[in-house]
Visitor: 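My questions all concern the structure below.
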2 protein chains.
Amino acid sequence: MIVTLAGGVGGSKFVKGLASSRYKEDVTVIINTGDDFERFGLYVSPDVDINIYTLAGLIHEQGWGFKDETYNTQNVLKDFYSQDCWFNLGDKDIATHIYRTHLLKGNYTLTEITKELCDRLGVSLKILPMSNDRIATYIHTPDGRFHFQEYLIQRRMSDKVLNIEYEGSTTASPSPGVLDTISEAGIILFAPSNPLVSIGPILSVPGMKEAIKNSKAKVYAISPIVNGGVIKGPADRMMRDMDMEVSPIGIAEFYGDLLDGIIIDLQDKKHLSALQEIGLEVLVTDTIMDSDEKKVGLANQVVEFAASHNAKAVL
Amino acid sequence: MIVTLAGGVGGSKFVKGLASSRYKEDVTVIINTGDDFERFGLYVSPDVDINIYTLAGLIHEQGWGFKDETYNTQNVLKDFYSQDCWFNLGDKDIATHIYRTHLLKGNYTLTEITKELCDRLGVSLKILPMSNDRIATYIHTPDGRFHFQEYLIQRRMSDKVLNIEYEGSTTASPSPGVLDTISEAGIILFAPSNPLVSIGPILSVPGMKEAIKNSKAKVYAISPIVNGGVIKGPADRMMRDMDMEVSPIGIAEFYGDLLDGIIIDLQDKKHLSALQEIGLEVLVTDTIMDSDEKKVGLANQVVEFAASHNAKAVL
């Protein structure tokens, strides 16, 4: 059993690799729902949708939303709301939000809805939202508190990050199956997602960290930081604002004693010995997933590296 | 003050004429909401939308929905719901349903939402939904009871109509302003809409008939039946099933003592004396509104005919 914690754009590439890897039958992905929000009365779950669309081969090349998308609904909504649509909702994508909102109104859980969307779009990899309770990631800045999506898109990551809040997480529970899956896992992987706003919210759900610590699984993070920066997203500038080292060292420090090892890019070879000195198993490899082949290759390599260090993981 | 009761496709043509007539400043339209229903969790108000889109110059030539429409959202929803979309929802049209549903969730009334949509789309004619309470028109058939939209579109008007039910109407109230507007009216017009499923539901709202009877206004119907048939819709076959005469006589009998007069088409001149014999003022004219000019012409003519018989209507 391989459990992967993942966020959106960065994480979904690795998840896509796992879904085509030799180990796809054994994989469960736990996805961040801290980015979820309501727009025009529709419930939007960005990271879950990015992963589902990616796995279904329907993702837009920009990394989110449907490919071959149109924006006719939104163009009318703009007039109704007298607002700029800072969060772009395509016409096909809106179908997902209408469906999820409708099912939520009918008291289906996010877990059930995620399963339903996967079935409808032909996605067989097992995907679980981190919680069925509402958790919202807020970014505290000198100009006030903003929902992560507002900070990311509307404010274009221009604010200094003072603090990050996972609103609702103290009273939330992991979604059904999450803790059991973790406790039965042989390998737990933190996808190369933003630690502060993708993996962090998942770890903030009560019981999650304890389950990971108590699991016999070995735990590895794939560093989203490569050569002092990120491929996409605000992780580097957020880490800098939060006084974290913008390197695999900073990633390792953030996850602390949860980690048994870390996967870093060839460009970060210079950090190898420092990471080993803090007791981590380190795989140095090409982590740039700029083709489907490289996604699958990285997934196979990471799982095999983890298994080679872990008697419990029978592959 | 001119009050017009109207349904969707047929009624909206006459309403469009009124909106460009010499009397547009004085017109209030009360619209049937008995066709309203929920689809994919979205609240859809067909007759209100047809009138607003028509007045805004945005109506599709088919008589409902937006012009220049696409169906990308619906095509994905079809897959999610494993259903044929018997009620077509275009992408732009869906924006209206999302907006209305969102505002309803925020406890706005249909009256407020209708006003808001009119403002947003540049419609200045005063439009009121008949009620802010939920009323649903059901058609009883040998195969069971169907919502009117199901009967009309999904079942293509193929069932024999045994009875018509305005569910919820006994406990509903007219929306704010409706009764006052009626009592202050000088002329009340029943648009050439289906009497059974467009004007009937409006008249079924408690207090509505009494207000019309007690009003000093004269009341005229424009017959939707021309030469034994309808321009569009199921009025003729529904009337036949309900053992009504499919002619202006059947229309006059349906409205009974509410009416002071009736406007019939030139093709129905043969009914003139029979209608006069039952005490109605009759205007025989070309009622076929196949151009904007003819819509405006008919509206002006109807209002002036009514005013010429009514000392109270100062134009």
Side-chain angles (χ1 to χ4, degrees), chain A residues 37-44 49 52-53 56-60 65-83 85 87-108 112-123, chain B residues 37-44 49 52-53 56-60 65-83 85 87-108 112-123:
Chain A
F37 67 109
E38 278 197 25
R39 185 86 181 125
F40 308 131
L42 300 174
Y43 186 96
V44 181
D49 289 348
I52 293 176
Y53 297 171
L58 296 169
I59 195 85
H60 192 285
F66 269 87
K67 65 185 181 186
D68 304 324
E69 188 57 288
T70 51
Y71 295 87
N72 294 321
T73 304
Q74 174 171 283
N75 284 337
V76 178
L77 285 168
K78 272 184 195 175
D79 290 340
F80 289 160
Y81 285 86
S82 299
Q83 281 178 15
C85 289
F87 191 90
N88 266 310
L89 297 179
D91 296 329
K92 295 178 185 176
D93 194 29
I94 281 178
T96 303
H97 312 317
I98 289 173
Y99 189 51
R100 182 181 279 111
T101 305
H102 191 197
L103 292 178
L104 281 171
K105 203 169 153 191
N107 289 321
Y108 286 79
E112 292 163 334
I113 296 165
T114 301
K115 174 78 169 61
E116 178 69 16
L117 286 169
C118 285
D119 289 350
R120 294 287 167 182
L121 295 174
V123 170
Chain B
F37 68 109
E38 278 197 24
R39 185 85 181 126
F40 309 131
L42 300 174
Y43 187 97
V44 181
D49 289 347
I52 293 177
Y53 297 171
L58 295 170
I59 196 83
H60 192 285
F66 269 87
K67 65 185 180 187
D68 305 323
E69 188 57 289
T70 52
Y71 295 87
N72 294 322
T73 304
Q74 174 170 283
N75 284 337
V76 178
L77 285 168
K78 271 184 193 175
D79 291 340
F80 288 160
Y81 285 86
S82 298
Q83 281 178 17
C85 288
F87 190 91
N88 267 310
L89 298 179
D91 296 328
K92 295 178 186 176
D93 193 29
I94 282 178
T96 303
H97 311 318
I98 290 173
Y99 189 51
R100 181 182 278 111
T101 305
H102 191 196
L103 292 179
L104 281 171
K105 205 170 152 191
N107 290 321
Y108 286 79
E112 293 164 333
I113 296 165
T114 300
K115 174 78 168 63
E116 176 70 14
L117 286 169
C118 285
D119 288 348
R120 295 287 167 182
L121 295 175
V123 172

Visitor: Donor-acceptor pair, A:Thr73 side chain versus B:Ala95 backbone, under 3.5 Å?
Guide: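 Not at all, since once roles are kept as given, no pair shorter than 3.5 Å links the two residues.
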Visitor: So, do B:Phe80 and A:His102 have ring centers that fall under 6.0 Å from each other?
Guide: no
Visitor: Between CG of B:Asn72 and CG of A:Asn72, what distance do you get to the nearest 0.5 Å?
Guide: 7.0 Å
Visitor: Mind checking the NZ-NZ spacing from A:Lys105 to B:Lys105? Nearest 0.5 Å is all I need.
Guide: 8.0 Å
Visitor: Looking at CG of A:Leu121 and CG of B:Asp79, how far apart are the two atoms once the value is rounded to the nearest 0.5 Å?
Guide: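 If we round to the nearest 0.5 Å, A:Leu121:CG and B:Asp79:CG are 7.5 Å apart.
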Visitor: Tell me if the OH atom of A:Tyr108 is crowded by more than 12 foreign heavy atoms within 6.0 Å.
Guide: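 For A:Tyr108, atom OH is not crowded (no more than 12 foreign heavy atoms under 6.0 Å).
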Visitor: Just give me the residue among B:Ile98, B:Leu103, B:Ile94 that pairs up with chain A most often, heavy atom to heavy atom, under 4.5 Å.
Guide: B:Ile98
Visitor: Select one option (side chain, backbone, both, neither) describing which atoms of A:Glu38 are under 4.5 Å from chain B's heavy atoms.
Guide: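 Side chain only.
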Visitor: Please rank A:Leu117, A:Thr101, A:Thr96 by heavy-atom pairs under 4.5 Å with chain B and give me the top one.
Guide: A:Thr96
